[in-house]
Colleague: 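There's a structure below that I have some questions on.
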Amino acid sequence: MKIFTRTAVFLLLSAGCFLESPAQGNALLWEISGKGLKDTSYLFGTIHIRDKRVFNLGDSTYYAIAKTKALYGELNLQDKDEMKKHASELMMPAGTTLESLLSAQDYKLVKKYCKKHIGIYSLLINKIRPVYVSAIVSEDLLPKEEKKPLDLYLQDHAGKLGHDIGGIETFEEQLAVVNLIPLQEQADMLVEQIKNIEEEKVLMEQMLQLYLSESLDSLEILVQEDTLSQEFNEAILDARNKVMLTRMETQMNTQPTFFAVGAAHLAGEKGLVILLRKQGYTVRPVKRK
């Protein structure tokens, strides 16, 4: 599961390629202050799943959200019009189907698995890009006990408090990065995923346990031996983190903000925690209790 292992974690943590980096502590919630900020902002590493175990956020997390005036995710998941606007970009190019990218035997395998496990989404496997089918398959391997995944829940919660909701990336930017993976490679990864589904179940639970332990460094180690192209690695994490940093600075200087982004963006020497410190901010871990 070489390539798929890294990509599966990316799909759930929003950026699953981790690069070797110095230890920075076990924390998902970080307080940001200093460098002339009038009020404290926060950074939280989230995950796109509905397993109830990740919803044990602790009073500190809810306090941090309440103390701020805005919650910004990677994307503004409240903006339904913008999501609908880009829905077509999840689809296969005209004239291309999953069936056309796979052997008859592999397509039959994928179709059978999807029909059994992902319900109505199985009707779309020939229409949407394979990487998004992989995302649905990955999410299905963990319990779906809550109505919404954690990242969307946080935005809903903050919205009910009257907070401004926004994103530090655009839909165009995220889609462009994912589309760097060629369609044939996406299709091959999907087949590899399903052929090794029992192994992946173990990986997903391991990933979840590391997330629950708030160990960014251990999450990094989990996938560091699996590599995609250097171009993809830089685009999916390093380049995005630089853009996020710039937009976070602008937003923090406008109003105190709770930033909830994929946990992978926090990790490593080129992750947001260390990038913020290099910019002169005081970034300290907050225990969630």
Colleague: For the residue pair V261 and L266, establish whether any side-chain heavy-atom pair is separated by less than 4.5 Å.
Modeller: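 A side-chain contact under 4.5 Å exists here.
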
Colleague: What I'd like to find out is whether the side chain of K35 reaches to under 4.5 Å of the side chain of E249, using heavy atoms alone.
Modeller: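 Yes. Closest side-chain heavy atoms under 4.5 Å.
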
Colleague: Do side-chain atoms of K69 reach the backbone of A66 as a donor and acceptor pair under 3.5 angstrom?
Modeller: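 Checking the backbone N and O of A66 against the side chain of K69, no donor-acceptor pair under 3.5 Å is found.
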
Colleague: Quick check: do E145 and R50 have side-chain heavy atoms less than 4.5 Å from each other?
Modeller: no

Colleague: Between K67 and E31, does any side-chain N to carboxylate O distance fall below 4.0 Å?
Modeller: no

Colleague: Quick one: pull up CD1 in I47 and CG in D51 and give me the separation to the nearest 0.5 Å.
Modeller: 8.5 Å

Colleague: Stepwise, does the side chain to side chain contact (heavy atoms under 4.5 Å, CB included) test hold for S33 with R284?
Modeller: CA-CA 9 Å; S33 60; R284 71 172 190 87; over 6 Å; no

Colleague: Spell out, yes or no, whether Y132 and M83 are grouped together once hydrophobic residues are joined by side-chain heavy atoms under 4.5 Å, including indirect joins.
Modeller: no

Colleague: In the single-linkage hydrophobic clustering (I, L, V, M, F, W, Y; side-chain heavy atoms under 4.5 Å), do F44 and L212 co-cluster?
Modeller: yes

Colleague: Is there a donor-acceptor contact under 3.5 Å from the side chain of T96 to the main chain of M92?
Modeller: no

Colleague: Can you tell me if Y121 has over 12 outside heavy atoms packed within less than 6.0 Å of its OH?
Modeller: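 No - once you tally the heavy atoms of other residues, nucleotides and ligands closer than 6.0 Å, there are 12 at most.
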
Colleague: Got a donor-acceptor contact below 3.5 angstrom from the E214 side chain to the L28 backbone?
Modeller: yes

Colleague: Would you say S215's side chain and Y211's backbone share a donor-acceptor pair under 3.5 angstrom?
Modeller: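 The answer is no, because no donor-acceptor pair under 3.5 Å joins these two groups.
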
Colleague: Under 4.5 Å between side-chain heavy atoms, counting indirect links through other Ile/Leu/Val/Met/Phe/Trp/Tyr residues: same cluster for V202 and I49 or not?
Modeller: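 No: no chain of side-chain contacts under 4.5 Å links V202 to I49.
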
Colleague: Heavy-atom count check: over 12 atoms from other residues, nucleotides or ligands less than 6.0 Å from K85 NZ?
Modeller: no

Colleague: Any donor and acceptor pair, going by atom type alone, linking the side chain of N196 with main-chain N or O of E199 inside 3.5 Å?
Modeller: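 It does not hold such a pair.
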
Colleague: Find out whether K195 and D106 are in side-chain contact, i.e. whether some heavy atom of one side chain is under 4.5 Å from a heavy atom of the other.
Modeller: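 The answer is yes, as the side chains (C-beta and beyond) meet within the 4.5 Å cut-off.
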
Colleague: Would you mind listing every ring pair (Phe, Tyr, Trp, His ring centres under 6.0 Å) that reaches into residues 85-113, with sequence neighbours excluded?
Modeller: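 Non-adjacent pairs meeting ring pair (Phe, Tyr, Trp, His ring centres under 6.0 Å): H86-F171, Y113-H117.
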
Colleague: Please enumerate all residues that pass ring pair (Phe, Tyr, Trp, His ring centres under 6.0 Å) together with Y62, with sequence neighbours excluded.
Modeller: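 If we apply the ring pair (Phe, Tyr, Trp, His ring centres under 6.0 Å) test to Y62, skipping adjacent residues, the hits are H157.
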
Colleague: Under 4.5 Å between side-chain heavy atoms, counting indirect links through other Ile/Leu/Val/Met/Phe/Trp/Tyr residues: same cluster for Y72 and L77 or not?
Modeller: no

Colleague: Please check: side-chain N/O of S122 versus main-chain N/O of I118, any donor-acceptor pairing under 3.5 Å?
Modeller: no

Colleague: Sub-3.5 Å donor-acceptor pair from the side chain of N179 to the main-chain atoms of L175, do we have one?
Modeller: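 Checking the backbone N and O of L175 against the side chain of N179, a donor-acceptor pair under 3.5 Å is found.
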
Colleague: Tell me whether Q186 contacts the main-chain N or O of I181 through its side chain, where contact means a donor paired with an acceptor under 3.5 Å.
Modeller: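 Checked: pair present.
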
Colleague: Is a side-chain N or O of T68 found less than 3.5 angstrom from the main chain of T257, in a donor-acceptor match?
Modeller: no

Colleague: Just by distance, do the side chain of E74 and the backbone of G262 share a donor-acceptor pair under 3.5 Å?
Modeller: yes

